[in-house]
Protein chains: 2
Amino acid sequence: MSAATDLLFRTLADPTRRAIFERLCREGEQTVGALTARSGVSQPAVSKHLGALKQAGLVRDRHEGRQTHYSAQPGALNPLIDWTSQMAGFWQNRLDALDDLLKRMDQ
Amino acid sequence: MSAATDLLFRTLADPTRRAIFERLCREGEQTVGALTARSGVSQPAVSKHLGALKQAGLVRDRHEGRQTHYSAQPGALNPLIDWTSQMAGFWQNRLDALDDLLKRMDQ
DNA sequence: CTTACCCATAACCCTACAGTTATGAATTAA
DNA sequence: TTAATTCATAACTGTAGGGTTATGGGTAAG
């Protein structure tokens, strides 16, 4: 039960937050204002979501004058990929074990 | 913003629930009693988590006398895998675009 | 038939947290 | 200097949902 994996799942569970991350992945760096415009929630809400994404390592921020630019940091998805393939791997192992058993029973 | 992906993230966000799913992946089919024994929460809580996992398609149940056996259904993780590779893909595309731009500027 | 066991559901509590408005700090424009 | 813009933080509210205890239905055992 890795802490990083836990934080990732918790952070990506919220649809509004996930949508913000998706937009940053698709369209690249964006200011808070641009993200707010099509998010459906208020600017403070977006700022809070960006704070959560940043704490999970999913985004980086860059200050330029009075604007803050955010960009996705997809490397942070690695624990998610690892967890998923681990789960799939366990399943595959049990399939293999069953296969072995059947083969041994066949003889 | 696929509904299946949304349900998956929401379902896997809870650590207790994710731990139950992990155990089913690692160790195969289990009864509710066996799962409750090492879950740290009450039996009704485990039943509710199993209900949520089932609704997300992550587990199957099989009734046998007065026990219910649950098993993982890892195929349900596919939308998660798809979403993750899509996010990584967007990033890669933008890297490629940047690469192209740099090459063109180089000439 | 009665008792014990396994699980699911109901009813309730309580906390985490996503959303809001209000406001202030920092920067740019007039 | 004043005014306008951009974002972050504070303070608060409402609700979704994870936890509990209580209970009942179905099955196996005595």
Side-chain angles (χ1 to χ4, degrees), chain A residues 1 3-24 27-73, chain B residues 1 3-24 27-73:
Chain A
M1 189 171 38
T5 308
D6 191 69
L7 183 59
L8 266 188
F9 270 113
R10 246 207 342 255
T11 304
L12 293 172
D14 183 76
T16 305
R17 192 154 53 221
R18 202 168 56 249
I20 291 175
F21 179 69
E22 285 189 29
R23 281 198 52 198
L24 290 176
E27 309 167 13
E29 197 181 65
Q30 312 257 342
T31 68
V32 177
L35 289 170
T36 300
R38 279 178 291 168
S39 68
V41 295
S42 65
Q43 174 267 312
V46 173
S47 275
K48 283 210 299 187
H49 282 306
L50 288 168
L53 288 168
K54 183 179 173 186
Q55 191 168 355
L58 286 163
V59 301
R60 257 174 60 75
D61 59 346
R62 179 175 69 82
H63 297 276
E64 182 181 324
R66 60 187 171 188
Q67 346 203 42
T68 310
H69 299 259
Y70 282 89
S71 53
Q73 204 80 343
Chain B
M1 188 171 39
T5 307
D6 190 69
L7 183 58
L8 266 188
F9 270 114
R10 243 205 346 251
T11 304
L12 292 173
D14 181 76
T16 305
R17 193 154 50 221
R18 202 168 56 248
I20 291 175
F21 179 69
E22 284 190 31
R23 280 198 51 200
L24 289 176
E27 308 167 13
E29 198 183 65
Q30 312 256 341
T31 69
V32 176
L35 289 170
T36 301
R38 280 177 290 168
S39 68
V41 296
S42 66
Q43 174 266 312
V46 172
S47 274
K48 283 211 297 186
H49 283 307
L50 288 169
L53 288 168
K54 183 179 172 186
Q55 192 167 357
L58 286 163
V59 301
R60 256 176 60 75
D61 59 346
R62 177 175 69 82
H63 298 278
E64 182 181 326
R66 59 188 172 189
Q67 344 204 43
T68 310
H69 299 260
Y70 282 88
S71 53
Q73 205 78 344

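Residue numbers start from 1 in every chain, and the chains themselves are labelled A, B, ... in the order their sequence lines are given, proteins ahead of strands.
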OG1 of A:T68 to CG of A:L50: how many Å apart, nearest 0.5 Å?
->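 The CG atom of A:L50 is 9.0 Å from OG1 of A:T68, to the nearest 0.5 Å.
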Does CD belonging to B:Q55 count more than 12 external heavy atoms closer than 6.0 Å?
->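 It does not: B:Q55 CD has 12 such atoms or fewer within range.
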Roughly, in whole Å, what's the span from [atom1] in [X] to [atom2] in [N]?
X: A:R10; N: D:dG17; atom1: CZ; atom2: P; value: 16 Å
X: A:I20; N: C:dG19; atom1: CD1; atom2: C1'; value: 13 Å
X: A:Q67; N: D:dT5; atom1: CD; atom2: C1'; value: 9 Å
X: A:F9; N: C:dA16; atom1: CZ; atom2: P; value: 22 Å
X: A:K54; N: D:dC7; atom1: NZ; atom2: P; value: 14 Å
X: A:D14; N: D:dT15; atom1: CG; atom2: P; value: 17 Å
X: A:H69; N: D:dT6; atom1: NE2; atom2: C1'; value: 11 Å
X: A:H49; N: C:dC17; atom1: NE2; atom2: C1'; value: 10 Å

Name the nucleic acid region contacted by A:T36, choosing base, sugar-phosphate or nothing; use a 4.0 angstrom heavy-atom cut-off, strictly under.
->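 Contact class for A:T36: none.
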When all nucleic acid strands are considered with a 4.0 Å heavy-atom cut-off, which category describes B:T68: base, sugar-phosphate, or nothing?
->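 Sugar-phosphate contact only.
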Indicate every side-chain donor-acceptor pair of residues 36-43 of chain A with a distance under 3.5 Å to a residue at least two apart or in another chain.
unit_1	atom_1	unit_2	atom_2	d
A:T36	OG1	A:V32	O	2.8
A:S39	OG	A:T36	O	2.9
A:S39	OG	A:V41	N	3.3
A:S39	OG	A:V41	O	3.3
A:S42	OG	A:A45	N	3.4
A:Q43	NE2	A:S47	OG	3.1

Mind running a 4.0 Å heavy-atom check of residues 27-34 of chain A against DNA chain D and sending the residues that fall below it, in number order?
->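 Residues of residues 27-34 of chain A under 4.0 Å from DNA chain D: A:T31, A:V32, A:G33.
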Mind running a 4.0 Å heavy-atom check of residues 55-62 of chain A against DNA chain D and sending the residues that fall below it, in number order?
->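 Nothing qualifies; none.
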What pairs of residues pass the salt bridge (charged side-chain N to carboxylate O under 4.0 Å, His left out) test when at least one of them lies in residues 42-63 of chain A, not counting sequence neighbours?
->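 Residue pairs with at least one partner in residues 42-63 of chain A: A:E29-A:R62, A:K54-A:D61, A:R62-A:E64.
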Look at the side-chain N and O atoms of B:Y70 and state whether any lies under 4.0 Å from the OP1 or OP2 oxygen of C:dC6.
->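 Answer no for this pair, as no side-chain N or O of B:Y70 is under 4.0 Å from OP1 or OP2.
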Kindly write out the residues that satisfy side-chain contact (heavy atoms from CB on, under 4.5 Å) with B:Q67, not counting sequence neighbours, or none if the list is empty.
->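 Testing B:Q67 for side-chain contact (heavy atoms from CB on, under 4.5 Å), a comparison that skips the adjacent residues, returns B:T31, B:H69.
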With sequence neighbours left out, what residues match B:A56 under side-chain contact (heavy atoms from CB on, under 4.5 Å)?
->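 For B:A56, the residues satisfying side-chain contact (heavy atoms from CB on, under 4.5 Å) (neighbours in sequence not counted) are B:L7, B:T11, B:L58.
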Heavy-atom donor-acceptor pair, B:R18 side chain to B:L12 backbone, under 3.5 Å =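 Checking the backbone N and O of B:L12 against the side chain of B:R18, a donor-acceptor pair under 3.5 Å is found.
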In a check of side chain to side chain contact (heavy atoms under 4.5 Å, CB included) between B:H49 and each of B:D14, B:V59, B:L35, which one passes?
->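 The passing option is B:D14.
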For A:Q73, enumerate each residue passing the side chain to side chain donor-acceptor pair (under 3.5 Å) test, keeping only those at least two apart in sequence or located in another chain.
->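 Not a single residue meets the side chain to side chain donor-acceptor pair (under 3.5 Å) criterion with A:Q73.
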Pairs flagged by ring-ring contact (aromatic ring centres under 6.0 Å, His included) wherever residues 4-23 of chain A is involved - sequence neighbours left out =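 Residue pairs passing ring-ring contact (aromatic ring centres under 6.0 Å, His included), neighbours aside: A:F9-A:W83.
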So, for A:D6 and B:P15, which heavy atoms are closest and what is the spacing to 0.1 Å?
->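 Taking every non-hydrogen atom into account, OD1-CB, 3.6 Å.
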What heavy-atom pair brings B:R23 and B:A34 nearest, and what distance separates the two atoms?
->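 Result for this residue pair: NH1-O, 3.7 Å.
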Does the base of C:dG19 carry an N or O that pairs as donor and acceptor with the side chain of A:K48 under 3.5 Å?
->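 Checked by distance alone, the answer is yes.
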Write down the protein N/O and nucleotide N/O pairs, taken from nucleotides 21-30 of chain C, whose separation is under 3.5 Å; answer none if there are no such pairs.
unit_1	atom_1	unit_2	atom_2	d
C:dT27	O2	A:R66	NH1	3.2

